Number of protein chains: 2
Amino acid sequence: MSQHRPGGPNGRAGGVPALPDLPEATVARLPEYLRALHNLAEAGNDTVSSEELAGAAGVNSAKLRKDLSHLGSYGTRGVGYDVALLIDQIEFTLGLTQRRGVALVGVGNLGHALAGYAGFASRGFRIAALFDADPARVGELINGLHVRHISDLADVAVAESIAIGVIATPAASAQDVADALVAAGVTSILNFAPCVLSVPDGVDVRKVDLAVELQILSFHEHRKSSLTALPGGLGGGPAGLVSAAEPEEAVGT
Amino acid sequence: MSQHRPGGPNGRAGGVPALPDLPEATVARLPEYLRALHNLAEAGNDTVSSEELAGAAGVNSAKLRKDLSHLGSYGTRGVGYDVALLIDQIEFTLGLTQRRGVALVGVGNLGHALAGYAGFASRGFRIAALFDADPARVGELINGLHVRHISDLADVAVAESIAIGVIATPAASAQDVADALVAAGVTSILNFAPCVLSVPDGVDVRKVDLAVELQILSFHEHRKSSLTALPGGLGGGPAGLVSAAEPEEAVGT
DNA sequence: AGGCGCTTGTGAAGTCGTGCACAAATCGCG
DNA sequence: CGCGATTTGTGCACGACTTCACAAGCGCCT
Ligand SMILES: NC(=O)c1ccc[n+]([C@@H]2O[C@H](COP(=O)([O-])OP(=O)(O)OC[C@H]3O[C@@H](n4cnc5c(N)ncnc54)[C@H](O)[C@@H]3O)[C@@H](O)[C@H]2O)c1
Ligand SMILES: NC(=O)c1ccc[n+]([C@@H]2O[C@H](COP(=O)([O-])OP(=O)(O)OC[C@H]3O[C@@H](n4cnc5c(N)ncnc54)[C@H](O)[C@@H]3O)[C@@H](O)[C@H]2O)c1
């Protein structure tokens with residue numbers, strides 16, 4: 001991560017809660033809790049126990065309680081957590097109280113799908129601009145936004161105060177795009193291209209690689225098939241019904 | 001593809017190769033090493049040191065060596081690793097010696113992009129069938145495959161011996177689709193829908209959620225912006241140049 | 001008021017993963 | 001043939017994360 005804050009974190013005075021320096025693993029689970037909470041709220045639930053919420057989010061309840069305890073205690077013993085309050089708390093922690101603008105670079109096969117994705121907007125983000133290097137694509141209207149040339153990136157990024165960039169170009173261009181994003185002031189990048197990006201300190205990169213996910217699944221398939229010879233294993237054909245909401249098999253993370 | 005395994009360590013007996021029981025974290029990194037190795041091989045490299053490969057894969061060299069040591073030792077001290085040999089070894093470990101068939105369910109916005117994705121084929125997988133519940137979509141030809149109705153899933157899955165399913169339907173349908181996949185004998189699922197799936201023991205599920213990734217980035221943005229007030233921080237606007245190939249900022253995972 | 005059942009928050013122990021640091025192994029060269 | 005340069009493989013200590021187990025807190029019912 002960037003670097004550690006010296007001394008007592010949270011010099012924050014006034015009404016704003018302190019930033020508790022959450023464990024990375026906890027941060028990665030908060031969005032999942034948030035989604036589950038929104039579902040519960042829609043279903044009309046006012047409060048929820050750690051057990052319920054943990055079930056809905058697919059984690060262990062002790063882990064959930066510990067995670068939530070990191071952001072300050074908001075549960076009531078004997079009762080559970082206030083759903084609305086917890087949503088606010090998590091959204092604040094994740095920095096979702098302001099709708100963040102996102103720049104999407106590379107409006108090809110995948111880029112089109114992302115540009116049209118409603119889940120962006122409903123979860124706190126706003127696609128602020130689309131970019132591509134292909135002149136043939138520039139000008140195209142997608143979901144109310146027209147594609148701009150990559151050379152406009154810096155101007156637009158500043159004008160729209162964009163801090164997050166999504167790279168959906170071929171791997172060969174990804175580093176160049178990342179450099180351009182960084183130069184334009186972007187400090188967080190979500191990379192769909194299968195390659196490693198080099199960025200300066202202070203810039204966060206997350207990578208999503210479909211093939212990697214499949215290969216991990218393939219490994220477990222491989223392992224499972226070596227076990228079919230064993231007795232008493234899930235060997236039986238097409239399984240019957242699905243078990244109750246369970247920790248499932250959550251491979252890796 | 002199906003290479004005989006290089007002899008060596010891994011004293012397996014009988015027909016079934018020994019399963020080294022790799023740490024999950026190692027398994028998750030192997031695909032990355034594999035990608036880097038393919039790049040190196042294309043560039044004409046015959047051998048590679050742990051330092052180089054680690055750089056190309058974005059990890060610490062000690063970690064890389066430890067990871068590789070888990071699959072039996074294939075390096076030569078003073079020299080490095082044989083690229084081709086290592087590729088074979090990792091592909092074998094990941095179970096990529098056989099091209100695995102994948103069923104894609106939900107040919108909507110995202111599904112179309114996935115169906116047309118070349119990276120599938122080039123990394124050891126074959127989209128064997130496309131399914132959708134919408135009669136209007138059934139029959140549509142995408143990338144040489146025509147979309148079939150979800151009710152054909154069981155038959156096709158068996159006929160094509162499909163063990164991996166990809167869910168690209170709305171969240172509301174995802175559990176139903178997962179049940180159908182499991183009933184059809186699928187034992188690994190990659191889920192793009194933002195919801196928790198319940199599956200029987202023995203079935204692996206991995207989830208990819210774009211919004212979660214963005215929210216994690218948002219958290220770090222939030223944290224960073226709270227730091228701009230501090231002195232000596234990466235506060236300065238648009239950064240300059242990109243540093244050398246470095247561990248970058250690899251958030252989480 | 002008091003007791004009871006439920007649920008949270010957390011200490012402590014256990015597990016897993018990481019990275020350092022270095023001995024052992026190998027190659028190339030004089 | 002031996003030596004030094006190089007790089008692997010790994011023991012070890014540390015840190016992060018998970019899970020258990022339970023005391024403490026809270027609301028409700030009598
Ligand atoms: N299609 C998928 O389902 C899928 C899935 C996972 C990962 N990916 C990855 O996502 C990336 C994009 O995939 P795709 O199928 O959309 O490819 P694509 O070729 O359809 O689209 C790439 C787009 O990027 C644009 N582009 C190229 N260089 C650029 C640059 N320097 N600046 C701006 N734009 C540039 C191209 O003009 C094109 O429009 C690839 O790296 C691919 O490996 C794709
Ligand atoms: N579009 C994106 O970029 C994107 C990104 C991340 C995640 N997602 C998620 O991926 C999923 C699909 O997104 P989308 O934008 O492609 O949605 P979409 O509505 O465009 O496509 C969904 C498709 O699934 C089909 N479907 C619905 N129920 C089905 C069933 N029971 N069996 C088989 N097919 C069924 C529909 O007919 C439709 O063709 C959603 O869960 C979404 O949240 C999408």
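First the proteins, then the strands, lettered A, B, ... as listed; each starts at 1. Keep in mind it's a predicted model, so treat the numbers as computed, not measured.
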Gap between atoms [atom1] and [atom2], on [X] and [N] respectively (whole Å):
X        : N       : atom1 : atom2 : value
Glu52(A) : dC6(C)  : CD    : C1'   : 12 Å
Leu53(B) : dT7(D)  : CG    : C1'   : 14 Å
Glu51(A) : dT19(D) : CD    : C1'   : 13 Å
Leu22(A) : dC17(D) : CG    : P     : 11 Å
Leu64(A) : dT8(C)  : CG    : P     : 9 Å
Asp21(B) : dC16(C) : CG    : P     : 10 Å
Tyr81(A) : dG25(D) : OH    : P     : 16 Å
Lys63(A) : dA13(C) : NZ    : P     : 21 Å

Decide yes or no, distance alone: a donor-acceptor N/O pair under 3.5 angstrom between the base of dT26(C) and the side-chain of Arg77(B).
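Side chain to base: no pair below 3.5 Å.
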Assess whether one donor atom and one acceptor atom, taken from the side chain of Lys66(A) and the base of dT18(D), lie less than 3.5 Å apart.
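Flag unset: no donor-acceptor pair detected.
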Between Ala62(A) and Ala25(A), which has a closest nucleotide on DNA chain D that is more 5'?
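In this pair, the answer is Ala25(A).
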Between [X] and [Y], is any pair of side-chain heavy atoms under 4.5 Å apart?
X         : Y         : result
Pro23(A)  : His70(A)  : yes
Arg123(A) : His38(A)  : no
Thr169(B) : Asp176(B) : no

Audit row: Leu53(A), Leu86(A), side chain to side chain contact (heavy atoms under 4.5 Å, CB included) steps and yes/no
CA-CA 11 Å; Leu53(A) 183 53; Leu86(A) 200 46; 4.1 Å; yes
Any side-chain donor paired with an acceptor under 3.5 Å for Glu221(B) and Thr187(A)?
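There is such a pair (donor and acceptor under 3.5 Å, judged by atom type) between the side chains of Glu221(B) and Thr187(A).
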Would you indicate which nucleotide in [options] comes nearest to any side-chain atom of [X]?
X        : options                   : result
Arg65(B) : dG19(C), dG17(C), dG9(D)  : dG9(D)
Arg29(B) : dT10(D), dT18(D), dT18(C) : dT18(C)
Ser49(A) : dC26(D), dT7(D), dT7(C)   : dT7(C)

Please confirm whether the shortest side-chain N or O distance from Ser50(A) to OP1 or OP2 of dT7(C) is below 4.0 Å.
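No, because none of the side-chain N or O atoms of Ser50(A) sits under 4.0 Å from OP1 or OP2 of dT7(C).
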Measuring to OP1 and OP2 of dC20(C), would you say a side-chain N or O of Asn60(B) lies under 4.0 angstrom away?
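Yes, within the criterion.
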Given DNA chain C, 5'-ward residue of the pair Gly78(A) and Ser69(A), judged by closest heavy atom:
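The 5'-side residue here is Gly78(A).
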